[in-house]
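Below: one structure, written as structure tokens.
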Amino acid sequence: MPLSDIQSQITAAEAAAGRAPGSVTLIAVSKVQPPERVAAVLDQGHRVFGENRVQEAADKWPGFRETYGDVDVHLIGPLQTNKARQAMALCQSIHSVDRPKLANTLARLAQEMGDCPGLFVQVNTGEEPQKAGILPADTDAFVAECRALDLPIEGLMCIPPVDEEPALHFALLAKMAARNGLTGLSMGMSSDFATAIALGATHVRVGSAIFGDRVPPADR
Ligand SMILES: *Cc1c(COP(=O)(O)O)cnc(C)c1O
């Protein structure tokens, strides 16, 4: 789908929810997409992208930034502590803060580097054993722990279970953010971003709807 169609759907969803135009940031998730597809979206003026692996982001974005200037890159995938420094240097935002060890590492590096990307705490709203994220019952305490470390927590992020109604998870995440005084909500992907916006999303992460199906590296 053309980028402009996604943008108009976002604008319509903002209006339908009585929200201000431009209150939702579209993160174009470019992971595993061939460079020409990413360049096509850059050529249309879009400057906010999402990646789920630090190494892939490091291979891709310095080159594109040389050509296109400033681009906001949001890390939306799991972050190992030994990649934290590289992620912080490369990304404007990290949506996958999901455990105390990572929070401690980010805090130490933020002090040392004098700067820190905007951070989202990832919540495992579906309590799925294989999925990353803080459990809902532990979220308030973890947000407090991050704040005690002076980390710039902007909001919460979730990836609902594939086989469940996403609206329930979006509503739960919004409730948890509100009770923690957090305004950022990173939720909604290609198939459900309009629902997420109705429930308060401030950042939607849309990949395949913009770029087409992801092409596995081996098949390119
Ligand atoms: C890949 C990915 C997306 C985008 O998924 P689409 O269904 O292609 O829009 C969003 N969020 C996360 C965390 C992802 O890993």
Side-chain angles (χ1 to χ4, degrees), residues 1-10 13 24-35 37-38 40-41 44 46 48-61 71-80 83 87 90-99 102 117-128 130-134 139 154-167 169-170 172-174 177 184-217 219-220:
M1 201 181 294
L3 176 69
S4 56
D5 285 10
I6 304 286
Q7 284 164 333
S8 1
Q9 286 180 29
I10 290 174
V24 177
T25 299
L26 171 60
I27 301 172
V29 178
S30 48
K31 66 180 184 204
V32 204
Q33 294 289 353
R37 290 191 192 168
V38 181
V41 170
Q44 293 170 73
H46 196 73
V48 185
F49 290 81
E51 292 289 343
N52 73 336
R53 300 190 52 187
V54 178
Q55 191 53 54
E56 188 182 340
D59 290 343
K60 190 183 300 180
W61 287 103
V71 176
D72 279 358
V73 175
H74 293 242
L75 183 71
I76 61 173
L79 178 56
Q80 295 171 280
K83 295 271 173 72
L90 198 63
C91 301
Q92 279 61 43
S93 188
I94 296 174
H95 293 235
S96 48
V97 182
D98 62 354
R99 57 199 193 280
L102 178 59
L119 302 176
F120 289 75
V121 169
Q122 181 172 352
V123 183
N124 186 356
T125 56
E127 306 191 23
E128 297 173 277
Q130 82 287 4
K131 201 169 266 179
I134 291 278
T139 299
E154 293 182 359
L156 303 181
M157 178 272 218
C158 77
I159 309 169
V162 283
D163 54 352
E164 286 182 28
E165 172 53 50
H169 294 270
F170 297 156
L172 172 65
L173 197 73
L185 281 171
S186 169
M187 57 189 198
M189 320 202 305
S190 288
S191 56
D192 53 23
F193 67 86
T195 305
I197 292 170
L199 291 163
T202 57
H203 294 70
V204 293
R205 311 179 307 264
V206 181
S208 43
I210 296 174
F211 295 101
D213 287 340
R214 281 181 281 279
V215 187
D219 301 350
R220 260 185 227 163

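Both ligands and their constituent atoms are indexed starting at 1 by order of listing.
- Summarising the geometry, atom CG belonging to Leu119 is positioned 10.0 Å from atom CG belonging to Leu79; distances are rounded to the nearest 0.5 Å.
- Protein heavy atom closest to atom 2 (C) of ligand 1, with residue, atom name and distance, is Lys31 NZ, 2.6 Å.
- In the vicinity of Ile159, heavy-atom distances shorter than 4.0 Å reach the ligand 1 atoms 13 (C).
- Test Glu154, His95, Gln122 against Ser186 for side chain to side chain contact (heavy atoms under 4.5 Å, CB included) and you get one pass: His95.
- Distances below 4.0 Å separate heavy atoms of Val206 from the following atoms of ligand 1: 9 (O).
- Ring centroids of His203 and Phe120 are separated by less than 6.0 Å, placing the two rings close together.
- The contact set between ligand 1 and Gly207, taken as ligand atoms under 4.0 Å from a residue heavy atom, comprises 4 (C), 6 (P), 8 (O), 9 (O).
- Considering only residues two or more places apart in sequence or on other chains, Gln7 meets the side-chain contact (heavy atoms from CB on, under 4.5 Å) condition with Leu3, Ser4, Leu26, His46.
- Taking any N or O of Met189, backbone or side chain, none lies under 3.5 Å from an N or O belonging to ligand 1.
- Comparing Arg214, Met187, His95, His74 by heavy-atom distance to atom 5 (O) of ligand 1, the nearest is Arg214.
- Applying the 4.0 Å criterion to heavy atoms of Ser208 picks out, from ligand 1, the atoms 6 (P), 7 (O), 8 (O), 9 (O).
- Between Glu56 and Val32 there is a side-chain heavy-atom pair separated by less than 4.5 Å.
- Of the protein's non-hydrogen atoms, Ser190 OG, 3.4 Å is the one closest to atom 6 (P) of ligand 1.
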Between Asp5 and Gln9, is a side chain to side chain donor-acceptor pair (under 3.5 Å) present by the stated rule, with each step listed? CA-CA 6 Å; Asp5 285 10; Gln9 286 180 29; 5.8 Å; no

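- Taking all atoms of both residues into account, the shortest heavy-atom contact from Glu51 to Trp61 is OE2-NE1, 3.0 Å.
- Looking at atom 11 (N) of ligand 1, its nearest protein heavy atom turns out to be Arg205 NE, 2.9 Å.
- For atom 12 (C) of ligand 1, the closest heavy atom belonging to the protein is Ile76 CD1, 3.4 Å.
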